[in-house]
There are 2 protein chains.
Amino acid sequence: MIKQISHLGVAVKDLEAAREFYRSVLGLQSSEPIMSEDGRMQGSLVEIGNAVIELLQPLGSEGVMAKFLEKRGEGFHHICYEVDDMTAEVESLKAKGIEVIGEPTEGIEGLSVFLHPRGTHGMLVELVEKNK
Amino acid sequence: MIKQISHLGVAVKDLEAAREFYRSVLGLQSSEPIMSEDGRMQGSLVEIGNAVIELLQPLGSEGVMAKFLEKRGEGFHHICYEVDDMTAEVESLKAKGIEVIGEPTEGIEGLSVFLHPRGTHGMLVELVEKNK
């Protein structure tokens, strides 16, 4: 059961330049950069009233985000929906034949998992069950 | 001044198949299909708690949406932000050198204009001033 959009992930080449665009052009503030655990990307959250844009800049040429940026360029990367119960959700998705990538893992926001765009009409989908 | 995300535009090949995916897999209801004025696409709105996904299917091979789908495949097409004052917004964007595509036009929701992804770190941006 999807509650709402949690955030949109957006790939950018230069996090500071992107933050400056959101601030000076769109008038939107963003958080200080946060490094991912594996050191392969840094991100910043832009608050927009009813949702959040997660700006994501790959560091180095390894990792999924670097490969995405190389292939597709800057822009939309994934949509994250908040769910109530990750275990029930993943079970239900698998029963419907939807391609779930790996198993849910614990992230900053809570338990998270991705669905391959092949099974979702073209969008990489993240599901998150937020920490209570 | 951006108030909030109004909707996300998503290109799909087959509107009914996409609506069925959102309904049966994500548990999200969508509106009955609406035809665009020029007859070149049909759309349906998926309500998701805090925002809306606008599913867009091109009809025929002409038009921007058909060309997008041919080039990029199904998936994210644009993000629409709600603004308070379109005239002031467009003036401010042009003064900052942001590429505004044409002039604002009256749509179903209100006055709307697009910003080229070249100037927005990779996302086609729509701005809408909603009818009061």
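Throughout, protein chains are lettered first and strands after them, A, B, ... in sequence-line order, and every chain is numbered starting at 1.
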Check each atom of A:I2 against the heavy atoms of chain B and say whether the ones under 4.5 Å are side chain, backbone, both or neither. both
At a 4.5 Å cut-off on heavy atoms, which part of B:L8 comes close to chain A: side chain, backbone, both, or neither? side chain
In the single-linkage hydrophobic clustering (I, L, V, M, F, W, Y; side-chain heavy atoms under 4.5 Å), do B:L124 and B:V113 co-cluster? no
Is the backbone N or O of B:N50 less than 3.5 Å from a side-chain atom of A:N50, with the two atoms forming a donor-acceptor pair by type? yes
For atom CD of B:E99, decide whether the heavy atoms of other residues, nucleotides or ligands shown that lie under 6.0 angstrom number more than 12. yes
With chain A, which of B:F21, B:Y81, B:Y22 has the greatest number of heavy-atom pairs at distances under 4.5 Å? B:F21
In terms of heavy-atom contacts, does CD of A:E91 have more than 12 from other residues, nucleotides or ligands at under 6.0 Å? no
Of the listed residues (B:I79, B:V12, B:D14, B:T120), which shares the most heavy-atom pairs with chain A below a 4.5 Å separation? B:T120
CD of A:E106: more than 12 outside heavy atoms within 6.0 angstrom? yes
Give, for atom CD of A:E20 and atom NE2 of B:H121, the distance between the pair rounded to the nearest 0.5 Å. 9.0 Å
Okay, A:K3 and chain B: the region with an atom under 4.5 Å from a heavy atom over there is backbone
Under 4.5 Å between side-chain heavy atoms, hopping through other hydrophobics if needed: is there a path connecting A:M86 to A:L115? yes
Min side-chain heavy-atom separation A:M123-B:I53 under 4.5 Å: yes
Establish whether B:V90 and B:V83 are linked, either directly or via other cluster members, by ILVMFWY side-chain heavy-atom contacts under 4.5 Å. yes
Between A:L28 and A:L55, is there a shared hydrophobic cluster once you connect ILVMFWY residues whose side-chain heavy atoms come closer than 4.5 Å? yes
Given heavy-atom pairs under 4.5 angstrom as the criterion, report whether the side chain, backbone, both or neither of B:I98 touches chain A. side chain
Is B:S92 close to chain A through its backbone or its side chain, or both, or neither, when contacts mean heavy atoms under 4.5 Å? neither
Going hydrophobic residue to hydrophobic residue with side-chain gaps under 4.5 angstrom, can you get from B:L93 over to B:I5? yes
So which part of B:L127 gets closer than 4.5 Å to some heavy atom of chain A, the side chain, the backbone, both or neither? neither
Do you know which of B:M1, B:R72, B:K13, B:E89 has the most heavy-atom pairs with chain A at a distance under 4.5 angstrom? B:R72
Checking B:V10 against chain A: side chain, backbone, both or neither under 4.5 Å from a heavy atom? side chain
Which bit of B:L26 is near chain A, if near means a heavy-atom gap under 4.5 Å: side chain, backbone, both or neither? both
Angle class for the A:F76/B:F76 ring planes (parallel below 30°, perpendicular above 60°, tilted otherwise)? parallel
